[in-house]
There are 2 protein chains.
Amino acid sequence: MNKVDKSKKTVSSDGDALTCDSSLVHLEQVRQVQSEIVTTEKAQQMAQFFGAMADPHRLKLLSALVKAELCVCDLAAVVKMSESAVSHQLRLLRNLRLVKHRREGRNVYYSLADAHIANLYREVAEHLDEA
Amino acid sequence: MNKVDKSKKTVSSDGDALTCDSSLVHLEQVRQVQSEIVTTEKAQQMAQFFGAMADPHRLKLLSALVKAELCVCDLAAVVKMSESAVSHQLRLLRNLRLVKHRREGRNVYYSLADAHIANLYREVAEHLDEA
DNA sequence: TATTCATCTGAATAGACATTCAAGCTTAAA
DNA sequence: TTTAAGCTTGAATGTCTATTCAGATGAATA
C-alpha cells in the first residue's frame, strides 16, 4: 500500500513535487484538488466506520437495535446467528462506538450509541429505494 | 453463512417457529423485532453500498470528485495510486452507481452520481468529528 | 495505416475478515 | 460452594478483497 514510484516522471511547478505514472491532463486542477481532499488519517477513520456498516449481519443487528434494546441471546435469535458470532460482531460495533451495552444480572443489553446511527441507517435505506 | 441449526431447542407459541442456540430472555419482544428488522436482501444491498465507502482509497477518490470532475490519470495522481488500481476501484464505484463517467477523446471523466453521495460523505465526516 | 496515449481487464498473490469451535469468565441459583 | 446460564475470547479455517502485472481495447495523431 502507498506505492512509491521509482523514477517516474516528476512534475512540479511552484510547490511540492507531484509524481505520477503517466502524464497529467490538468496539472493545476490536480494540485488544487490534492490540497482539498480528505487526509489519509481521516479517510481511514471514515473507512472504518463505513466498514462497520458493510456487513448484512451487522446491519440486521443494528436494525434490530433501532427497534429495541436487546440482550445477546435475543439478538442471536433475531438475526439467526450463533451467540458467539453475535458477540464478535457486537464487540466490533462497540469498539467503533456504534452501540453501547449495560449489564443486568447475567444478561448484557445492547442499544444504539446515538441517534446518528439510526439516521444514517435510514438515509441509506431510503437512498437505495429510490433507484 | 446463514447457518441452519440442527435440532436445537425450538420455541413456538402462536405463529412460525423460532429457533435458537440457548434460551430466549424475551420471547415476545424477539418475535416482534424479528418481524420488523430489515430483510436479508435489503441488508445485503445496504452492505454492498456501505462496503463501497469502506475503503480509504475510494473515500479519497470520492472526496476528490466532490471537488471536481476528473479523468483517471488525474485521479491517480491526486490519490497517489497506480492508474490500474484506480480503474479497478472506479469500476466498483460505477457498478454501485456512486459515480458516473463520460468519455472525451481518449480521456474518461468521472463525477459523483448524485448529491446523496456527497451528503452521506459529509455527514459521516462530521459525525466522526464530534466524538 | 502504424503508433502512441489513456483506460480497461483478468489472473494471481497477499492481506483482511467472519464464522466456528473450544475454553474462560461472571453472575445467579441450587 | 457447586452448578449452570449468559456472554466473551483466541485460534484456526475458509472466504472475500485490493493491488500488481501483463496484456487488450479504443481513440487520436503522425
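Heavy atoms only: backbone and side chains are in, while hydrogens, waters and symmetry mates are out. A note on names: the letters A, B, ... follow the listed sequences, proteins ahead of strands, and every chain is numbered from 1.
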What pairs with [X] under side-chain hydrogen bond (donor to acceptor under 3.5 Å, both in side chains), at least two apart in sequence or on another chain?
| X | value |
| --- | --- |
| B:Gln32 | B:Glu36 |
| A:Gln45 | none |
| B:Glu69 | B:Arg102 |

Compare side-chain N and O positions of [X] against OP1 and OP2 of [N] and report whether any pair is under 4.0 Å apart.
| X | N | value |
| --- | --- | --- |
| B:Arg91 | C:dG10 | yes |
| B:Gln89 | D:dT17 | no |
| A:Asn107 | D:dA5 | no |
| A:Ser87 | D:dC7 | no |

- Task: In whole angstrom, give the distance that lies between atom CD of A:Glu83 and atom P of C:dT20.
- Result: 12 Å
- Task: Grab the CG-C1' distance between A:Leu92 and C:dA18 for me, whole Å please.
- Result: 10 Å
So, does the side chain of [X] form a donor-acceptor pair with the base of [N] at under 3.5 Å?
| X | N | answer |
| --- | --- | --- |
| B:His88 | D:dT17 | no |
| A:Ser84 | C:dC21 | yes |
| A:His57 | C:dT19 | no |

- Note on the structure: When the rotation axes relating C1' atoms of four end pairs to the next four are compared across the helix from C:dT1-D:dA30 to C:dA30-D:dT1, five pairs an end, they differ to 10° by 10°
- Task: Have a look at B:Tyr110 and say if it touches a base, only the backbone sugar-phosphate, or nothing, with a 4.0 Å heavy-atom cut-off.
- Result: sugar-phosphate
- For B:Gln48, all residues meeting side chain to side chain contact (heavy atoms under 4.5 Å, CB included), sequence neighbours excluded: B:Leu96
- Using the test side chain to side chain contact (heavy atoms under 4.5 Å, CB included), find all partners of A:Ala68 that sit at least two apart in sequence or belong to another chain. A:Leu70, B:Gln29, B:Val33
- Which listed nucleotide (D:dC7, C:dC8, C:dA18) is nearest to the side chain of A:Arg58? C:dA18
Exercise answer: donor-acceptor pairs, residues 113-123 of chain B side-chain atoms, under 3.5 Å, sequence neighbours excluded:
residue, atom, partner, partner atom, Å
B:Asp114, OD1, B:His116, N, 2.7
B:His116, ND1, A:His127, ND1, 3.0
B:Asn119, OD1, B:Arg122, NH1, 3.2

- Pairs touching residues 71-103 of chain B that satisfy ring pair (Phe, Tyr, Trp, His ring centres under 6.0 Å), sequence neighbours left out: B:His101-B:Tyr110
- Reading nucleotides 24-30 of chain D from the 5' end, what letters show protein touch, with B for base, S for backbone sugar-phosphate only, - for no heavy atom under 4.0 Å? ---BBS-
- Message: Do A:Met81 and A:His57 make a side-chain contact, defined as non-hydrogen atoms from C-beta onward lying under 4.5 Å apart?
- Response: yes
- Query: Tell me, do A:Leu62 and A:Val99 make a side-chain contact under 4.5 Å, heavy atoms counted?
  - Reply: yes
